[in-house]
Colleague: 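Take a look at the following structure, please.
These values consider heavy atoms only, across backbone and side chains, with no hydrogens, waters or symmetry-generated copies. All residue numbers refer to positions in the sequence shown, counting from 1.
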Amino acid sequence: VFRDTVRSIAEELAMMIVKDGEGATKFVKINIRDAASPEDARLAARAVANSLLVKTAWYGADPNWGRIMAALGYSGAALNENEIKISFDNLKVVRNGMTADTDPKELVAVISKKEFEITISLGAGKSVHSMYSCDISHGYVDINASYMT
């Protein structure tokens, strides 16, 4: 019970830190599924979460799944691009490494929200990992470009 309580509090604090990011306008939970190993799941999540191209696409409400695929590709995680599935909330974006032909307006509606989830199946095993991230906005650039260290 104690361990679960501490974990719950730590998770809530982690979400608060991400939501309070400099200039952040969106909170995104990235769920990696079906990775070959726990390390591969972490590598894939981190690559997507930290990709500047992905983060700016979120800010612009651009459902550009190619940027996510690119981040997965350079993540170092074992994956089979023909098995990758990506969803924004519950909307399928990618199926078997290719477009799921979901209405772009529906996808834009999801990533226009202040909070949403991206679930990615790597199709390479059974390991999972989740990570929090946020977008990169004009505000982020303004804040970080306006002072000298």
Side-chain angles (χ1 to χ4, degrees), residues 5-79 81 83-95 97-124 127-149:
T5 301
V6 170
R7 183 178 178 83
S8 176
I9 292 168
E11 189 171 332
E12 187 66 30
L13 289 171
M15 289 189 311
M16 290 169 64
I17 289 169
V18 173
K19 289 177 181 181
D20 195 37
E22 296 170 333
T25 68
K26 296 182 182 172
F27 174 83
V28 183
K29 182 177 182 185
I30 300 159
N31 302 302
I32 301 295
R33 303 286 179 257
D34 307 314
S37 69
E39 179 61 16
D40 281 349
R42 283 189 291 277
L43 287 170
R46 187 171 292 117
V48 174
N50 291 334
S51 167
L52 292 177
L53 288 174
V54 170
K55 291 163 83 81
T56 55
W58 294 338
Y59 176 70
D62 177 4
N64 188 332
W65 58 268
R67 292 181 180 187
I68 294 171
M69 292 288 284
L72 294 170
Y74 65 65
S75 71
L79 52 88
E81 64 273 3
E83 296 292 324
I84 293 176
K85 296 174 185 70
I86 302 173
S87 296
F88 294 170
D89 281 348
N90 293 321
L91 288 176
K92 300 286 185 215
V93 180
V94 172
R95 184 181 301 116
M98 300 300 291
T99 183
D101 289 322
T102 304
D103 183 350
K105 291 178 184 174
E106 292 182 62
L107 298 174
V108 168
V110 170
I111 63 175
S112 293
K113 297 187 313 186
K114 291 198 121 343
E115 295 188 20
F116 59 92
E117 290 189 22
I118 295 177
T119 301
I120 302 166
S121 170
L122 299 181
S127 294
V128 300
H129 189 73
S130 293
M131 186 172 286
Y132 304 129
S133 189
C134 62
D135 60 346
I136 295 286
S137 67
H138 293 286
Y140 176 85
V141 174
D142 292 343
I143 290 166
N144 286 285
S146 65
Y147 64 87
M148 290 185 97
T149 56

Colleague: For Asn90, what residues pass the side-chain contact (heavy atoms from CB on, under 4.5 Å) criterion, not counting sequence neighbours?
Modeller: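 side-chain contact (heavy atoms from CB on, under 4.5 Å) list for Asn90, sorted by chain: empty.
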Colleague: Report the distance from atom CH2 of Trp65 to atom CD1 of Ile84, rounding to the nearest 0.5 Å.
Modeller: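 It is 9.5 Å, given to the nearest 0.5 Å.
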Colleague: How long is the span from the CZ atom in Arg67 to the CG atom in Leu52, to the nearest 0.5 Å?
Modeller: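 Between atom CZ of Arg67 and atom CG of Leu52 there are 10.5 Å.
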Colleague: Do side-chain atoms of Asp20 reach the backbone of Met16 as a donor and acceptor pair under 3.5 angstrom?
Modeller: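 Checking the backbone N and O of Met16 against the side chain of Asp20, no donor-acceptor pair under 3.5 Å is found.
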Colleague: I'd like to know if the side chain of Asp135 reaches the main chain of Lys55, judged simply by a donor and an acceptor atom lying under 3.5 Å from each other, with no hydrogens or angles considered.
Modeller: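 Flag not set: sc Asp135 to bb Lys55 has no pair under 3.5 Å.
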Colleague: Would you compute the distance between atom CD1 of Ile86 and atom CG of Leu91 and round it to the nearest 0.5 angstrom?
Modeller: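 If I round to the nearest 0.5 Å, the distance is 13.5 Å.
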Colleague: Can you tell me how far apart CE (Met131) and CG (Asn50) are? Round to the nearest 0.5 Å.
Modeller: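 That separation rounds to 7.0 Å.
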Colleague: From Asp40 CG over to Leu72 CG, what is the distance, rounded to the nearest 0.5 angstrom?
Modeller: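 Interatomic distance, Asp40 CG to Leu72 CG, rounded to 0.5 Å: 11.0 Å.
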Colleague: Donor-acceptor check, side chain of Ser146 to backbone of Ile143, threshold 3.5 angstrom: yes or no?
Modeller: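 The answer is yes, because a donor-acceptor pair under 3.5 Å joins these two groups.
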Colleague: Surrounding CE of Met15 (heavy atoms of other residues, nucleotides or ligands, distance under 6.0 Å), is the total greater than 12?
Modeller: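 Yes.
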Colleague: Grab the two heavy atoms, one from Ser75 and one from Ala47, that are nearest each other, plus how far apart they are.
Modeller: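 Here Ser75 and Ala47 meet closest at CB-CB, 3.5 Å.
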Colleague: Do other residues, nucleotides or ligands put more than 12 heavy atoms under 6.0 Å from the CZ atom of Arg95?
Modeller: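 No, CZ of Arg95 has 12 or fewer neighbouring heavy atoms, counting only those of other groups under 6.0 Å.
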Colleague: Kindly indicate whether the side chain of Ile136, heavy atoms from C-beta on, has any atom under 4.5 Å from the side chain of Tyr59.
Modeller: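 No; the side chains remain at least 4.5 Å from each other.
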Colleague: Going by heavy atoms in the side chains, are Cys134 and Trp58 under 4.5 Å from each other?
Modeller: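 Cys134 does not reach Trp58 side chain to side chain.
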Colleague: With a 4.5 Å cut-off on side-chain heavy atoms, are Tyr74 and Leu43 touching?
Modeller: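 Contact flag for Leu43/Tyr74 side chains = no.
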Colleague: Under a 3.5 Å distance rule, please check whether Arg33 uses its side chain to pair with a backbone N or O of Val128 as donor and acceptor.
Modeller: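 Side chain of Arg33 to backbone of Val128: no pair is present.
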Colleague: Ignoring hydrogens, what is the shortest heavy-atom contact between Ala36 and Ala78? Give both atom names and the distance.
Modeller: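 Closest pair (atom of Ala36, atom of Ala78, distance): CB-CB, 4.1 Å.
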Colleague: Using 30° and 60° as the class limits, which term best fits the ring planes of Phe27 and Tyr132: parallel, tilted or perpendicular?
Modeller: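 Aromatic pair Phe27/Tyr132 classed tilted.
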Colleague: Arg42 versus Ser130: any side-chain heavy-atom pair under 4.5 Å?
Modeller: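 Sidechains of Ser130 and Arg42: no contact.
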Colleague: Report all side-chain donor-acceptor pairs from residues 113-122 shorter than 3.5 Å, counting only partners two or more places apart or in another chain.
Modeller:
from: Lys113; atom 1: NZ; to: Asp89; atom 2: OD2; distance (Å): 2.4
from: Lys114; atom 1: NZ; to: Thr25; atom 2: O; distance (Å): 3.3
from: Glu115; atom 1: OE2; to: Lys19; atom 2: NZ; distance (Å): 3.0
from: Glu117; atom 1: OE1; to: Asn31; atom 2: ND2; distance (Å): 2.8
from: Thr119; atom 1: OG1; to: Asn31; atom 2: ND2; distance (Å): 3.4
from: Ser121; atom 1: OG; to: Asp34; atom 2: OD2; distance (Å): 2.6

Colleague: Decide yes or no for Lys92 and Ser87: does some side-chain heavy atom of the first lie under 4.5 Å from some side-chain heavy atom of the second?
Modeller: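 Lys92 vs Ser87: side chains touch.
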Colleague: Should Val94 and Lys85 count as side-chain neighbours, where that means a heavy-atom distance under 4.5 Å?
Modeller: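 No; the side chains remain at least 4.5 Å from each other.
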Colleague: Indicate the atoms forming the closest heavy-atom contact of Ala24 with Ser137, along with that distance.
Modeller: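 Scanning both residues, the minimum pair turns out to be N-OG, 4.4 Å.
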Colleague: Can you tell me how far OG of Ser51 sits from CD1 of Ile68, rounded to the nearest 0.5 angstrom?
Modeller: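 Interatomic distance, Ile68 CD1 to Ser51 OG, rounded to 0.5 Å: 8.5 Å.
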Colleague: Looking at Asp103, Leu107, Val108, which hits side-chain contact (heavy atoms from CB on, under 4.5 Å) with Lys105?
Modeller: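 Going through Asp103, Leu107, Val108 one by one, the side-chain contact (heavy atoms from CB on, under 4.5 Å) with Lys105 is satisfied by Asp103 alone.
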